[in-house]
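Written out below as C-alpha cells is the structure these notes cover.
Position 1 is the first residue of the sequence; numbering continues from there. Treat the numbers as computed from the prediction; the structure is a model and nothing was measured.
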Amino acid sequence: MVNAPPRIILGIDPGLRVTGFGVIAASVTGSRLAYVASGCIRTDEAGTLPERLLTIARDLQAVMAEHTPDDIVVEKVFVNVNPQSTLLLGQARGAAITAAALSGATV
C-alpha cells in the first residue's frame, strides 16, 4: 500500500489587532496529526482600516505560500457586546477568507 502524503491544514483565528494561525499535517489514512507551524500577524493600531486589512491579507498569503495548505479553516465571528467590534472583526475575517480563496485551497 502506498502512503498518501499528509494533508496540510491551515487554521486562522482572525482579529483586527492580532490574527493567529496554525498549520498541521493530517494523515489521510489514519488519525495522526503533526504540528507544522503557528504564529501571529499583528497590525499597526495607528494604521487605517484598509492598511490593517491589507496587512492581514498580505501576511496570510505569505504563510500560505510557505506552507501550501490543502485546506484552510477560518474561525467564525462570535457576537460581541459591542456591535462596532463585531463589525471590525467581521472585516478582518473577510480579509482572511479572501486571502484563503485566492490561494486555491479548499476554504
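Counting only distance, with no hydrogens or angles, the side chain of Asp59 and the backbone of Ile41 share no donor-acceptor pair below 3.5 Å. One N or O on the side chain of Thr43 and one on the backbone of Leu16 form a donor-acceptor pair closer than 3.5 Å.
Cluster annotation: Val73 is not connected to Ile97 through the hydrophobic network of ILVMFWY side chains, with a link wherever side-chain heavy atoms come within less than 4.5 Å. Residues Val107 and Val23 do not share a hydrophobic cluster, clusters being chains of Ile/Leu/Val/Met/Phe/Trp/Tyr side chains in contact below 4.5 Å. The hydrophobic cluster containing Val77 does not contain Ile12, counting ILVMFWY residues as joined when their side-chain heavy atoms lie under 4.5 angstrom apart, directly or transitively. Residue Val74 is not grouped with residue Leu89 when hydrophobic side chains (ILVMFWY) are merged at heavy-atom distances under 4.5 angstrom, including chains of intermediate members.
Among residues two or more places apart in sequence or in another chain, the side-chain contact (heavy atoms from CB on, under 4.5 Å) test is passed with Ala101 by none. Residues meeting the side-chain contact (heavy atoms from CB on, under 4.5 Å) test with Ala99, sequence neighbours left out: Ala57, Leu60, Gln61, Met64. Residues satisfying the side-chain contact (heavy atoms from CB on, under 4.5 Å) test with Glu75, not counting sequence neighbours, are Asp13, Pro14, Phe78. Every residue two or more places apart in sequence or in another chain that forms a side-chain contact (heavy atoms from CB on, under 4.5 Å) with Ser38 is listed here: Tyr35. Partners of Arg7 according to the salt bridge (Lys or Arg N to Asp or Glu O under 4.0 Å) rule, which considers only residues two or more places apart in sequence or in another chain, are Asp71.
Rounded to the nearest 0.5 Å, atoms CG (Leu53) and CG (Leu88) are 8.5 Å apart.
Apart from Leu33 itself, the hydrophobic cluster it occupies contains Ile9, Ile24, where clustering links Ile, Leu, Val, Met, Phe, Trp and Tyr at side-chain heavy-atom distances under 4.5 Å.
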Stepwise side chain to side chain contact (heavy atoms under 4.5 Å, CB included) check, Ile8 with Leu10:
CA-CA 7 Å; Ile8 304 300; Leu10 168 63; over 6 Å; no
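Residue pairs meeting the salt bridge (charged side-chain N to carboxylate O under 4.0 Å, His left out) criterion with at least one member in residues 29-53, sequence neighbours excluded, do not occur. Evaluation of the side-chain hydrogen bond (donor to acceptor under 3.5 Å, both in side chains) test over residues 95-107, restricted to residues two or more places apart or in two chains, returns none.
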